[in-house]
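Working notes, structure below.
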Amino acid sequence: MDQLLDGKTALVTGAGRGLGKAIAEALCGAGARVIAVARTASDLDAMAAERDGRIEPWVEDVTSDDFIARIERLQALDILVNNAGSNRPEPFVEVSDENLDFLIDLNIRSMFRTARAAARVMVRQKSGVIIHMSSQMGHVGSPRRTVYCMTKHAIEGLTKAMAVELAPMGVRVNSVAPTFIETPMTKPMLDNAEFREFVHRMIPMGRTGQPEDVANAVLYLASPLSGMVTGHSLLVDGGWTAQ
Ligand code: NAD
């Protein structure tokens, strides 16, 4: 396993904490050189220091033009994990325009622009793998999640259309669709005992996931083990959407 991605360069967005951090560490553990992107330098420094120069921190906002231009200047890029995203759950009739714009901008527009910049490098080198962080909410609906579900369904559409168009150019595109995983994003939700109980009831396996569950799915899609897989959404949901 520790040589699965030897010689590969990967870029992971939102790598300062939560799923992105676990993914960056897993890809690095499999031999890749990892560009870890986050807005807060201190979140990246400790991880980079532990990994002996194999993690290169980029302090960037994924919605900025500078970040997009920096990707396009890369000489080589083998793996993109388009992970940075957020959620602001609220009842549909109370969704503010501010929250609507924020989530569309981060969860759709910036994911699209990041993927396009990475694909420009990959098409040039005629190889690459792109993994979008979707959600089980890209497959089903749930209360107080209209905007989030809409953005993640958009990512599923983007994944399929990119996969079809880029396959002849040697680029595979897939998504990972997790259920509720214990991260800083979901902590405020899962700290509510009633909500946690609802989540456990909805997951046939009866528990929330850990960041490593998602990192392992990303590792598979990033590696040659999934060489014939493109346009797929890999659910890591303990059975939530199977019902
Ligand atoms: P998180 O909030 O714990 O971490 C997200 C990371 O992205 C943070 O480091 C944050 O700083 C970074 N980020 C946010 N906006 C950014 C920006 N503009 N520029 C650069 N970095 C930015 O979230 P998480 O739970 O780790 O979620 C990561 C991804 O996984 C998101 O796309 C989320 O929708 C998806 N997801 C999470 C879960 C879950 O249960 N945790 C489930 C399904 C999907």
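Both ligands and their constituent atoms are indexed starting at 1 by order of listing.
- Residues with a heavy atom under 4.0 Å from ligand 1: Gly14, Gly16, Arg17, Gly18, Leu19, Arg39, Glu60, Asp61, Val62, Asn83, Ala84, Gly85, Leu106, Met133, Ser134, Ser135, Tyr148, Lys152, Pro178, Thr179, Phe180, Ile181, Thr183, Pro184, Met185, Thr186.
- Checked by atom type and distance alone, the side chain of Ser96 pairs as donor or acceptor with a backbone atom of Asn99 at under 3.5 Å.
- Proximity of a side-chain donor or acceptor of Ser142 to a complementary backbone N or O of Arg145 within less than 3.5 Å is not detected.
- The aromatic ring centroids of Phe180 and Phe198 lie 6.0 Å or more from each other.
- Atoms CD and CD1, from Glu212 and Ile181 in turn, are 9.5 Å apart once rounded to the nearest 0.5 Å.
- Side chain of Thr230 to backbone of Arg172: no donor-acceptor contact under 3.5 angstrom is found.
- Using a cutoff of 4.0 Å between basic side-chain nitrogens and carboxylate oxygens, Arg201 and Glu197 are scored as salt-bridged.
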